[in-house]
Colleague: 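Sharing a structure, written as structure tokens. Questions coming.
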2 protein chains.
Amino acid sequence: MPHITPGAGAKRATMKDVAALAGVSPKTVSNVLTGSAGVREPTRRVVEEAMQSLGYVPNLSARGLRNGRTGVIGFALPDLATAFSATLTHAIVQVAHERGLAVLVEETAADPTREHQLVARAREHSIDGLILNPVRLEDSVVEYLEHLPPVVLIGEVEQYKTDRVFVESRAAARQMTEHLIERGARRIAVIGGSQGVRPGLATSGLRLRGYLEALEGAGIEPDPGLQISVRQWTIEAGAAAVRELHAAGEAFDALLCFTDSMALGALHALHELGLQVPRDVLVAGFDDVEHARYAVPGLTTVGFDHVAYVTAALDLLQRRIDGRDLAAQAVPVPHRLIVRDSTSASPAGVGDSSRN
Amino acid sequence: MPHITPGAGAKRATMKDVAALAGVSPKTVSNVLTGSAGVREPTRRVVEEAMQSLGYVPNLSARGLRNGRTGVIGFALPDLATAFSATLTHAIVQVAHERGLAVLVEETAADPTREHQLVARAREHSIDGLILNPVRLEDSVVEYLEHLPPVVLIGEVEQYKTDRVFVESRAAARQMTEHLIERGARRIAVIGGSQGVRPGLATSGLRLRGYLEALEGAGIEPDPGLQISVRQWTIEAGAAAVRELHAAGEAFDALLCFTDSMALGALHALHELGLQVPRDVLVAGFDDVEHARYAVPGLTTVGFDHVAYVTAALDLLQRRIDGRDLAAQAVPVPHRLIVRDSTSASPAGVGDSSRN
DNA sequence: CTGAAAGCGCTTACAG
DNA sequence: CTGAAAGCGCTTACAG
């Protein structure tokens, strides 16, 4: 049974109290705690016993005020409700915890000004640094980075002033599209490009480029009617995109979805329409969230090591916190195609096949 | 373009700087910020302009040190990777943000001592309070609650010393089981009870009781072979439970899963086994995560308002932070059956039907 | 409605 | 290796 701190009524013990009980100065207690200076073994023991018996817990606000570090980092994602967000949050909390850091989560998609606010006000919550997955590139905080607290970006941001961790989205999309073509698909719809995004700038642009490159390599003419824009990368948007495609009477035999969430929504909508995967349509996603493996049918996707991903981000952030003048670094995390049942056959296709 | 705080090199402006520029005392700046005392309109304007031009951002560590509040709450769940966790985290961050609070997330399942640590050390991270979904009831922190920082529990904990928010799990499980029976199911397997849990104590015990009550009400003899224990409430565990049931040769025509995640895993495993839902087997879950609606087929589940749930928890926590001597309150959040395709037909059942 | 003083609990120089 | 002093940036009494 672990020791529990004194209750609400009891006044909380301070370093001074510990020092008094141990018969040393507060500085020595501090030394025992931080290990910043050597403390002789007997002294250390006495101090530790005093801390035990008083239930002493250091006050992070005081420490933070004094030395400017709180041991808390911010983690900001567009939408915390997605499976991918859950996967990443789970991973970062684990890794941060091993390093004695706590994680403050934030969500940016709900409010267009939220990214700015977060970075601008990061220090308000006494955050040592921020790991951010930016969504609004054009007017993103990244443009002001020289003025900002330590920030590491995660995702495919073509911008070189900031530390960042990314997956080779363009290559991955190209490889996945090639896989679909190899399986016999010819009319591959792509779900997730967002209107107004300059190709190549953000993740969706890069993935779109990879898709187009693969089509070109196979001599397939791209069809704008097969490029479905969405507002958010949600399950719902994936389902809606399939219904839209179907309502428009577009012929298609495969779906390349820019996230697993959208792919899961697509699987549901296809099922509702009475279409079978992979018999009629192949479906592929991105991210390899746990739900992908357990989709019906299992979802082919682009996978990467989520723990490695957040570990790289945290490494960069800690490096940046310690030394602000280092050159920005961009760390790629390896990806691989994970082929499951959703692309395990040649598709018959749906819609007007004379257009194939 | 929002104002951005001065960079790392530039020294951060303090209240004192603002006061100097505005020609007032620091106290007046503080008053403008907190609204604790009336400030005349012209004075306020001058101060606000000074804050603007200096890019002033209050230092929460200092504020926290001074008045004991940081505006940060802890949110601790067993497993952040689940869909339900994502749903709740999304909701609490939204609601907390509206109230000017930030959320520090924690995960407890990885380490049996983590719940204790969290509560015991809550103040270390300068958290004003903690919202906790406890998993280890017997030796849970709740037993020491008189000594603890403000804590609100979420989930079905039969314990009356702490504020808590809950769903009527027993009634919900009974209603869902009745629904399955009404649809024609007779051999209903239940997935999610954990070994060694005293019935009625924790969520799984309550749900098991509700299930048994419904069987009894319908005159169906419970079969221990249909009660599958799992270690964690994950997708994987749901899939494994179905495979286990199948390998054991148990006849069953419905699955009552204690979470949607497990139900999603079950749907996948049934599909792998070539079984159709709802034609062969009915499947029901709990929680109504977004994935449930978009499952293949859409998953019947127990739904409740997730925002209302976390709002109630936050209300209780804020009340508790403000006044520690109040009597503990237990707030039920209404639930309802959400019937989707996974229970939309009478099941044929699988396995040795002579046992039905 | 506003100001000058004190102190929240730590840690960083500075001495010994 | 340890101590006494000062101060991080706020806000709470206490005066005016």
Side-chain angles (χ1 to χ4, degrees), chain A residues 5-6 10-48 50-51 54-72 121-128, chain B residues 5-6 10-48 50-51 54-72 121-128:
Chain A
T5 51
K11 234 188 122 199
R12 180 178 171 182
T14 72
M15 195 170 259
K16 204 170 153 189
D17 301 328
V18 175
L21 183 60
V24 299
S25 81
K27 172 66 167 104
T28 305
V29 180
S30 176
N31 285 343
V32 170
L33 234 48
T34 63
S36 56
V39 178
R40 240 172 297 193
E41 201 42 43
T43 313
R44 166 184 300 277
R45 194 154 35 228
V46 173
V47 170
E48 276 167 355
M51 294 198 297
L54 291 175
Y56 172 71
V57 174
N59 179 324
L60 265 219
S61 285
R63 185 178 288 170
L65 175 57
R66 180 60 237 199
N67 65 14
R69 300 273 179 90
T70 56
V72 178
R121 303 174 75 84
R123 296 200 200 103
E124 180 171 0
H125 280 299
S126 306
I127 288 171
D128 292 343
Chain B
T5 52
K11 234 188 125 201
R12 180 178 170 183
T14 72
M15 195 171 262
K16 205 171 153 188
D17 301 327
V18 175
L21 183 59
V24 299
S25 82
K27 173 66 167 103
T28 304
V29 179
S30 176
N31 285 342
V32 169
L33 235 48
T34 62
S36 57
V39 177
R40 240 172 298 195
E41 203 40 46
T43 314
R44 166 183 300 276
R45 196 158 29 230
V46 173
V47 170
E48 276 166 355
M51 294 197 297
L54 291 173
Y56 173 72
V57 174
N59 180 324
L60 265 219
S61 284
R63 184 179 288 171
L65 175 57
R66 178 61 237 196
N67 64 14
R69 301 273 179 89
T70 57
V72 178
R121 302 173 77 84
R123 296 201 200 105
E124 181 170 0
H125 280 299
S126 306
I127 288 171
D128 291 343

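Keep in mind that this is a model prediction, so the values were computed, not measured. Protein chains get the first letters and strands the later ones, always in sequence-line order, with residue 1 at the start of each.
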Colleague: So which heavy atom on P58(B) is nearest to which on R63(B), and how close?
Modeller: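 Looks like CB-NH2, 3.7 Å.
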Colleague: Return the value, rounded to whole Å, for the distance between atom NZ of K16(A) and atom C1' of dT2(D).
Modeller: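 Value for this atom pair: 18 Å.
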Colleague: State, to 0.1 Å, how close A22(A) and V47(A) come at their nearest heavy-atom pair, and which atoms those are.
Modeller: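 Distance-wise, the nearest heavy atoms are CB-CA, 4.0 Å.
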Colleague: For a side chain to side chain contact (heavy atoms under 4.5 Å, CB included) check, start with the C-alpha distance between L33(B) and Y56(B), then their side-chain angles and the critical distance, and finish with the verdict.
Modeller: CA-CA 11 Å; L33(B) 235 48; Y56(B) 173 72; 3.8 Å; yes
Colleague: What is the distance from NZ of K27(A) to P of dT2(D), rounded to the nearest Å?
Modeller: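 From K27(A) NZ to dT2(D) P: 10 Å.
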Colleague: CE of M15(B) versus P of dT2(C): gap in Å, rounded?
Modeller: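 One finds 15 Å between P of dT2(C) and CE of M15(B), rounded.
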Colleague: Could you tell me which non-hydrogen atom of T70(A) sits nearest to which non-hydrogen atom of D128(A), and how far apart they are?
Modeller: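 For T70(A) and D128(A), the tightest heavy-atom pair comes out as N-OD1, 2.8 Å.
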Colleague: So, OP1 or OP2 of dT2(D): does either fall under 4.0 Å of a side-chain N or O from T43(A)?
Modeller: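 T43(A) to dT2(D) OP1/OP2: side-chain N or O found under 4.0 Å.
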Colleague: Using Watson-Crick or G-U wobble geometry with both distances below 3.5 Å, tell me the partner of dC14(C), or none.
Modeller: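 Pair assignment: dC14(C) / dG3(D).
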Colleague: Is there a donor N/O on one and an acceptor N/O on the other, under 3.5 Å, for the side chain of R66(B) and the base of dG7(C)?
Modeller: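 Indeed, a donor on one side and an acceptor on the other fall under 3.5 Å apart.
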Colleague: How many whole angstroms separate atom CZ of R44(B) from atom P of dT2(C)?
Modeller: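 Interatomic distance, CZ of R44(B) to P of dT2(C): 10 Å.
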Colleague: Roughly, in whole Å, what's the span from CG in L54(A) to P in dG9(C)?
Modeller: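 The distance from CG of L54(A) to P of dG9(C) comes to 14 Å, rounded to the nearest Å.
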Colleague: Is S61(B) close enough to dG9(D) that one of its side-chain N or O atoms is under 4.0 Å from OP1 or OP2 there?
Modeller: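 For dG9(D), neither OP1 nor OP2 has a side-chain N or O of S61(B) closer than 4.0 Å.
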Colleague: Please state how far atom CD in E41(B) lies from atom P in dC1(C), giving the value in whole angstrom units.
Modeller: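 Atom-to-atom, E41(B) to dC1(C), this comes out as 11 Å.
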Colleague: In terms of the nearest nucleotide of DNA chain C, which residue is placed more toward the 5' end: A62(B) or P26(A)?
Modeller: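 So the residue in question is A62(B).
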Colleague: Considering non-hydrogen atoms only, spot the tightest contact between A19(B) and P26(B) and give its length.
Modeller: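 Answer, listing the atom of A19(B) first, then P26(B): CB-N, 3.6 Å.
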Colleague: Could you pick out which residue, R40(B) or T14(A), lies toward the 5' side of DNA chain C when each is mapped onto its nearest nucleotide?
Modeller: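 Nearer the 5' end of the strand: R40(B).
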Colleague: Would you tell me if any nitrogen or oxygen in the side chain of S30(A) comes within less than 4.0 Å of OP1 or OP2 on dT11(C)?
Modeller: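 For dT11(C), OP1/OP2 do have a side-chain N/O of S30(A) under 4.0 Å.
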Colleague: L60(B) has an atom CG; how far is it from atom P of dC8(D), in whole Å?
Modeller: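 Nearest whole value for this atom pair: 18 Å.
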Colleague: To the side chain of L65(A), which of dT2(D), dG3(C), dC8(D) is closest?
Modeller: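 Output: dC8(D).
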Colleague: Does T28(A) make a side-chain N or O approach to OP1 or OP2 of dC1(D) shorter than 4.0 Å?
Modeller: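 No.
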Colleague: How many whole angstroms separate atom CG of L33(A) from atom P of dC10(C)?
Modeller: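 Result: 8 Å.
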